[in-house]
Amino acid sequence: MGIEEKNIKKIIEGLSLEEKASLCSGQGPWATQNIEEKDIPSMKVSDGPHGLRMVEDPKELSSKSKPATCYPTASALASSWNKNLINQIGKALGREAQSQGVNILLGPGVNLKRSPLCGRNFEYFSEDPYLTGELGAAFIDGVQSQGVGTSLKHFACNNQETDRMTVDARIDERTLKELYLTAFREIVKNSSPWTVMSAYNKLNGTFASENHTLL
């Protein structure tokens with residue numbers, strides 16, 4: 001156990017239940033809650049996988065965005081099969097995030113393309129879990145090499161847009177492990193993303209953010 005992990009365990013043990021709960025919300029849509037007396041700073045987050053989405057008013061989710069570099073979408077990048085290219089784009093995004101004081105870039109999205117009506121298909125690399133895992137890891141390595149964290153998303157089975165806040169994805173264990181969780185597993189093993197974002201949907205009857213099996 002490293003020094004950093006020991007310190008984190010000590011900090012968590014010193015938090016009250018109310019303080020722990022506050023860390024599950026935020027100061028607004030784009031910043032986590034800080035606890036000054038426990039030396040826990042707020043972290044600034046920003047979309048997204050294809051260009052920095054810095055809003056003019058951080059307290060508003062849909063506030064006007066500041067100008068930023070626009071990169072090809074993940075669906076286009078995946079067609080290149082070029083890990084080095086995607087790593088270089090990750091580095092560029094990391095540098096841009098660094099210049100804006102962003103701590104965590106909310107991406108990449110590595111869910112599999114399953115429904116042609118999924119509004120997030122452009123954000124996802126591929127329908128193939130192996131390719132997605134390889135490219136997602138390259139992207140994360142690039143961003144995080146610049147001292148900016150990533151948020152691997154959406155964990156898990158966020159594969160359609162219809163009722164995506166409430167839909168219940170019913171998937172058997174073998175299919176889940178061999179397809180839907182494969183990219184997440186390989187990316188976590190190979191590139192250690194700083195954070196993972198839970199999906200909105202349910203998985204086999206339980207919301208992803210409350211799903212003990214996933215968490």
Margin query: With rounding to the nearest 0.5 angstrom, report the CG to OG distance, L214 to S198.
Written below: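 With rounding to 0.5 Å, CG (L214) is 9.0 Å from OG (S198).
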Got a sec: does the [atom1] of [X] have more than 12 other heavy atoms crowding it under 6.0 Å?
X    : atom1 : value
E36  : CD    : no
K83  : NZ    : no
K177 : NZ    : no
D39  : CG    : no

Closest non-hydrogen atom pair between [X] and [Y], with its separation:
X    : Y    : result
L93  : P49  : CD1-O, 3.3 Å
M54  : V102 : SD-CG2, 3.4 Å
A183 : T132 : CB-CG2, 3.7 Å
I40  : L23  : CG2-CD2, 4.3 Å
S80  : L85  : OG-CD2, 4.0 Å

For residues 202-215, pull every pair meeting side-chain hydrogen bond (donor to acceptor under 3.5 Å, both in side chains), keeping only residues two or more places apart or in separate chains.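 Sorted result for residues 202-215: empty, none.
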Ignoring hydrogens and geometry, is there a side-chain-to-backbone donor-acceptor pair from [X] to [Y] under 3.5 Å?
X    : Y    : value
Q144 : T150 : yes
E186 : A137 : no
T166 : N201 : no
N111 : N159 : no

Answer with yes or no whether the side chains of [Y] and [X] bring together a donor and an acceptor at under 3.5 Å.
X    : Y    : value
Q100 : S46  : no
Y180 : R114 : yes
D172 : T175 : yes

Should the pair Y200 and H154 be assigned to parallel (<30°), tilted (30 to 60°) or perpendicular (>60°) ring geometry?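 The arrangement is tilted - the two ring planes meet at 30° to 60°.
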